[in-house]
Amino acid sequence: MGFKRRISGIIILLILVVGASVLSLIAGEYDVSFRGIFGIIYFKLTGTNMGDFSQIHEIIIWRLRLPRVLLAISAGLSLGVAGTAYQGCFRNPLVEPYILGVSSGAAAGAALSMVFPQVFPQGQLTAFLMALAAVFISYSLATVRGQTPSIALVLSGIVIGALFSALVGIMKYLAADSQLREITFWMMGGLYYATWDDVQLNMAVGLPVLAFLIYNGWKLNILTLGDEEAKSLGLNPQISRLVIVIAATLAAAFCVSTCGIIAWVGLMIPHAARLILGPDHRWLVPGSALLGAVYLLVCDTIARTLTSAEIPLGIVTSIIGAPYLVWLLKVRGRAIYGH
Amino acid sequence: MATNNTLQPGGQVIMKIQGLDFSYGTKQVLHKISLDIKAGRLIGLLGPNGSGKSTLFRCCLGFLPVQAGKIFFGGKPIESFGTKRLASELAYVPQEHRPAFPFTVREMVSMGRTPHMGRQPILSARDRLVVASSLQDVGISHLASENYNHLSGGQRQMVLVARALAQETSLIFLDEPTSSLDFRNQIRIWQTIRKVVNTGYGAVICCHDPNHILWFCDEATIVKDGRVLATGDAREVVTEPILEELYGKEVAKTTADNKPFIYPRSIMESSFARSDDIAVKGV
């Protein structure tokens, strides 16, 4: 796979992100014209009024749809990149934030700070620390005598995920009625409450993590070979894996604490991106970010336009993603089980 | 590939192991191993399963910590080398395997350039040149764009040898590189390694077939129960009594076309022999 093919892949993905964003801005109950949308955005950015648009259109585009589109991009980017990083440094094509228990860990942390805001005032930070605990417990449970079989890591991730989900259950039980509603809606995974603050926070974490992981793309390539080979090629595998896991978990945890659990994105996107760009992580990481953004934009637009009531985004991605894992196990099972 | 400035004149000791002990928990695997590894030689490491040769290998490569004793490389203890620095001095060829992701042959070999890359994760023009010539030296340039995971076992092993060449070290450690290959590929790998050593590299190779050591290696070191049984010129070290000591079975050494050749004496015994052999010999 040459440089030309990869650079054109990235450019096409960029165009798709822009195209999907525009479609997502247009789609919805209220009809706002293409011209109208750009008039509003241009006005907000530069202060020049290009044409007439109504107050209600301004609210719909600037307060509702645009932050939601940007949050979809940021969430897709974070989940795609986190999935790619986990798959690379655990040498396991089956893992992603949800399967590793990271999402449940982050959810438990966020729920904890919703129910006990006096004790855990920093929602995102608590989510991040719990997510980090989840991934390290999963990994150490699955590692026996220095070996971490793919399936063992998936199983331990499911166990840890269940454990943290139970913790979320306890929080729900303890929560007051209004909190319960908040937790339940947020847990289903969705972008309906997207605000500019959410966008800023998630972009401020997602973009630096993306840059950091692109910079460490070569190290990820080396890590996929295993610890002894990585060491013989001049890389300290433990340290490299640690910093990469921390970065990926940071992006995933912030995404979960804003948007709830959006499962399977981190599994599907790296595979699809690998088909387009090959396995070199210097290309795969940015490719997964862009593809994840496109995928969540499309899923979220479907979620809010398919029926008159909104379908939670996490349900849409699960309906598509869970069969994907089954297909993956059927088709690539032999390679994954290690024969 | 005369680009390496760390290549040493053959015969000079570049790695010195002194009184090396190693234990896994309470189980002592290496007992006071002392060994000189010379530059520019092909050195075979022979020993039965569980003799400790893999552990010795892993200590030399810095995978396992030195518990007692010393390992010097170029006069300095190997603990004093950073991971990256050590990787630019010692290369490792593992047994062929399938990585989790479908890298191309060129990508696999390029990874050998890691210890020479700067902070930027980008291959320089010189890196690309070294990768191309490594592929050529091993004779697999035509496979450069193939998916590594789709190659045959022998081809994959060749790629790993090419990766070690791209690392431009003075010494290469190979861990049983022929054990999962068919006869033709075994010979090919050995010939490739021999060719590489003849251009100035030093190589230490773990191996189970005494014939391979006799045919291809300059020197041999025999390890048993974590101790060095014998070391020196391969054809002087791999002898009938040594092999008997290692494998507990009677083996015989003969010559064919002036080349030494080892075979189990039992093929001459009636209970193990083919019936037609017995008829000819009249046993």
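Since this is a predicted model, take the numbers as computed values, not measurements. Atoms considered below: every heavy atom in the structure, side chains included; atoms not considered: hydrogens, waters and symmetry mates. Letters go in sequence order (proteins before strands), and every chain restarts at 1.
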Seminar exercise, completed: In terms of heavy-atom pairs under 4.5 Å with chain B, the winner among A:Asn216, A:Thr224, A:Asn236, A:Ile214 is A:Thr224

Problem set entry | Heavy-atom contact with chain A under 4.5 Å, split by part of B:Leu64 | neither

Problem set entry | Interchain contact, B:His97 with chain A, by part (heavy-atom threshold 4.5 Å) | side chain

Exercise. Between B:Pro102 and chain A, which part of the residue has a heavy atom less than 4.5 Å away: side chain, backbone, both or neither?
Worked result: both

For this session: Before giving the answer on side-chain contact (heavy atoms from CB on, under 4.5 Å), spell out for B:Phe173 and A:Ser232 the whole-Å C-alpha distance, their side-chain angles and the decisive distance to 0.1 Å.
Result: CA-CA 10 Å; B:Phe173 285 82; A:Ser232 78; over 6 Å; no

Exercise. If you take all heavy atoms of A:Tyr215 and B:Gln120, which pair is closest and at what distance?
Worked result: CE1-OE1, 4.1 Å

Problem set entry | Residues B:Tyr92, A:Lys231; criterion side-chain contact (heavy atoms from CB on, under 4.5 Å); working and verdict | CA-CA 9 Å; B:Tyr92 170 54; A:Lys231 200 158 187 206; over 6 Å; no

Problem set entry | Donor-acceptor under 3.5 Å (A:Arg91 side chain, B:Pro99 main chain) | no

Seminar exercise, completed: Between the CD atom in A:Glu228 and the CZ atom in B:Phe57, the distance rounded to the nearest 0.5 Å is 11.0 Å

For this session: Determine the minimum heavy-atom distance between B:Thr114 and A:Trp218, stating which atoms define it.
Result: OG1-NE1, 3.0 Å

Problem set entry | Pairwise distance CG(A:Leu233) to OG(B:Ser88) - rounded to 0.5 angstrom | 11.5 Å

For this session: Among the options B:His116, B:Met108, B:Arg119, pick out the one with the most heavy-atom pairs lying under 4.5 Å from chain A.
Result: B:Arg119

Problem set entry | Contact origin within B:Leu90 toward chain A - heavy atom pairs under 4.5 Å | backbone

Exercise. What orientation do A:His281 and B:Phe101 show, parallel under 30°, tilted 30 to 60°, or perpendicular over 60°?
Worked result: perpendicular

Seminar exercise, completed: Closest heavy-atom pair, A:Arg282 versus B:Pro121, reported as atoms and distance to 0.1 Å, is NH1-O, 2.8 Å

Exercise. So, A:Glu229 and B:Arg163, do they make that salt bridge, N to O below 4.0 Å?
Worked result: yes

For this session: Could you look at B:Arg106 and say if it's the side chain, the backbone, both or neither that has a heavy atom under 4.5 Å from chain A?
Result: neither

For this session: Could you tell me the separation between the CG atom of A:Asn221 and the CE atom of B:Met111, rounded to the nearest 0.5 Å?
Result: 5.0 Å

Exercise. Under a 4.5 Å heavy-atom cutoff, which of A:Gly226, A:Gly88, A:Pro279 has the most pairs with chain B?
Worked result: A:Pro279

